[in-house]
Amino acid sequence: MEPVTLTTDRLVLRPVGPRDTDAVHAAAQDPDIQRWTTIPSPYLAEHARGFTEQLAPEGWANRSVFTFGVFLPDDSLTGLLSLTMRSLDTAEIGFWTTREHRGHGYTTEATVTACRWAFTHLAVDRVEWRAEVGNTASLAVARNAGFTLEGTLRSAINNKGVRRDCWVASLLPSDLALPSAAPYLPAPAHPGPTTDPA
């Protein structure tokens, strides 16, 4: 697939490439990014080169991972965001934000924009968000973007060789007032657990 660029009033979401290697490498030195994401730690220059020159472009080419750099109009990197295809109609979103650009709502804005694009151009009917339990900053972004928290998955993330529990949430097209590619029949309201009379 040919890479695309998305814009909002404040941001430009575009594919990353070799010109972004230094900015990605610098941002990924943040201990919080290394702690809460699955990027290598320590994060070396060759990791950034491999990502911007090979992994990110290949993801677009084979339609497996759609990675956007999130930039201000002056080309300052505010973060990265990826949509990883988990099935034909489900994508998983992941993101991180540079330390100096946190607290401005940039990642929430980028998340909504990228999800809207996935729903309307990739025929995705569900975007999942997962983060290690305790990553409250990522949880706040997901909630602010309209995701519904669905629960905790035990031992569902492998972060640097350690299995960890994670939160999972979802965003559906209807959450953004968009139609679904396929009909959706939500489960009826359930009064709660029942007891076995036997």
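Counting begins at 1 with the first residue of the sequence.
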Rounded to the nearest 0.5 angstrom, the CG-CG distance for Leu122 and Leu83 is 7.5 Å
Heavy atoms of other groups near Asp74 CG, more than 12 under 6.0 Å: yes
With sequence neighbours left out, the residues meeting ring-ring contact (aromatic ring centres under 6.0 Å, His included) with Phe71 are none
Does Asp125 reach the main-chain N or O of Ala181 with its side chain, forming a donor-acceptor pair under 3.5 Å? yes
Over all heavy atoms of both residues, which pair between Asp32 and Arg102 is shortest? Give the atoms and the distance, please. OD2-NH1, 3.7 Å
Is a donor from one side chain sitting under 3.5 angstrom from an acceptor on the other, for Ser138 and Trp129? yes
Report yes or no: do Val124 and Leu178 belong to one cluster of Ile/Leu/Val/Met/Phe/Trp/Tyr joined by side chain heavy-atom distances under 4.5 Å? yes
Hey, mind stepping through Met85 and Arg63 against side-chain contact (heavy atoms from CB on, under 4.5 Å) and telling me if it holds? CA-CA 8 Å; Met85 297 304 297; Arg63 298 177 60 94; 5.9 Å; no
Mind checking whether Ile39 and Leu80 sit in one hydrophobic cluster, side chains of I, L, V, M, F, W, Y counted as touching below 4.5 Å? yes
Separation of Glu100 CD from Ser76 OG (nearest 0.5 Å): 8.5 Å
According to a hydrophobic-cluster definition based on side-chain heavy atoms being under 4.5 Å apart (Ile, Leu, Val, Met, Phe, Trp, Tyr only), do Trp117 and Tyr106 belong together? yes
Determine, using the 4.5 Å side-chain heavy-atom cutoff (strictly less than), whether Phe68 and Phe51 are members of one ILVMFWY cluster. no
Spell out, as yes or no, whether a donor-acceptor pair under 3.5 Å connects the side chain of Trp60 to the backbone of Glu2. no
Output all residues satisfying salt bridge (charged side-chain N to carboxylate O under 4.0 Å, His left out) with Arg154, sequence neighbours left out; order by chain, then residue number. none
Contact check, side chains of Pro15 and Thr67, non-hydrogen atoms, under 4.5 Å: no
Counting heavy atoms not belonging to Asp165, are there more than 12 under 6.0 Å from its CG? yes
Flag the pair Glu109 and Arg10 as a salt bridge only when some basic side-chain nitrogen lies within less than 4.0 angstrom of an acidic carboxylate oxygen. yes
Any side-chain heavy-atom pair from His121 and Val4 closer than 4.5 angstrom? no
Side-chain donor-acceptor contacts of residues 143-151 below 3.5 Å, not counting sequence neighbours, with atom names and distances?
unit_1, atom_1, unit_2, atom_2, d
Asn144, ND2, Ala140, O, 3.2
Glu150, OE1, Arg126, NH2, 2.8
Glu150, OE2, Arg126, NH1, 3.2
Glu150, OE2, Ser170, OG, 2.7

Heavy-atom closest pair, residues Ala110 and Leu11: N-CD1, 4.1 Å
Heavy-atom pair of closest approach, residues Gln29 and His25: NE2-O, 2.9 Å
Matching residue for Thr107 among Thr97, Val112, Val70, Thr98 - test: side-chain contact (heavy atoms from CB on, under 4.5 Å): Thr97
Which heavy atom in Phe119 sits nearest to a heavy atom in Leu171, and how many Å separate them? CZ-O, 3.4 Å
Would the distance check show the side chain of Asn135 and the main-chain N or O of Arg130 forming a donor-acceptor pair, the cut-off being under 3.5 Å? no
For Ile33 against Ala27, the heavy-atom pair lying closest together: CD1-O, 3.4 Å
Check the side chains of Thr113 and Thr8 for a donor-acceptor pair under 3.5 angstrom, ignoring hydrogens and angles. no
Any idea which heavy atoms bring Pro179 and Pro173 closest together, and the distance? O-CB, 3.5 Å
Which residue in the set Asp22, Thr21, Asp20 passes side chain to side chain donor-acceptor pair (under 3.5 Å) when paired with Thr52? Thr21
Can you check whether Thr78 reaches Leu72 side chain to side chain, under 4.5 Å on heavy atoms? yes
Spacing of Lys160 atom NZ and Thr38 atom OG1 [to the nearest 0.5 Å]: 6.5 Å
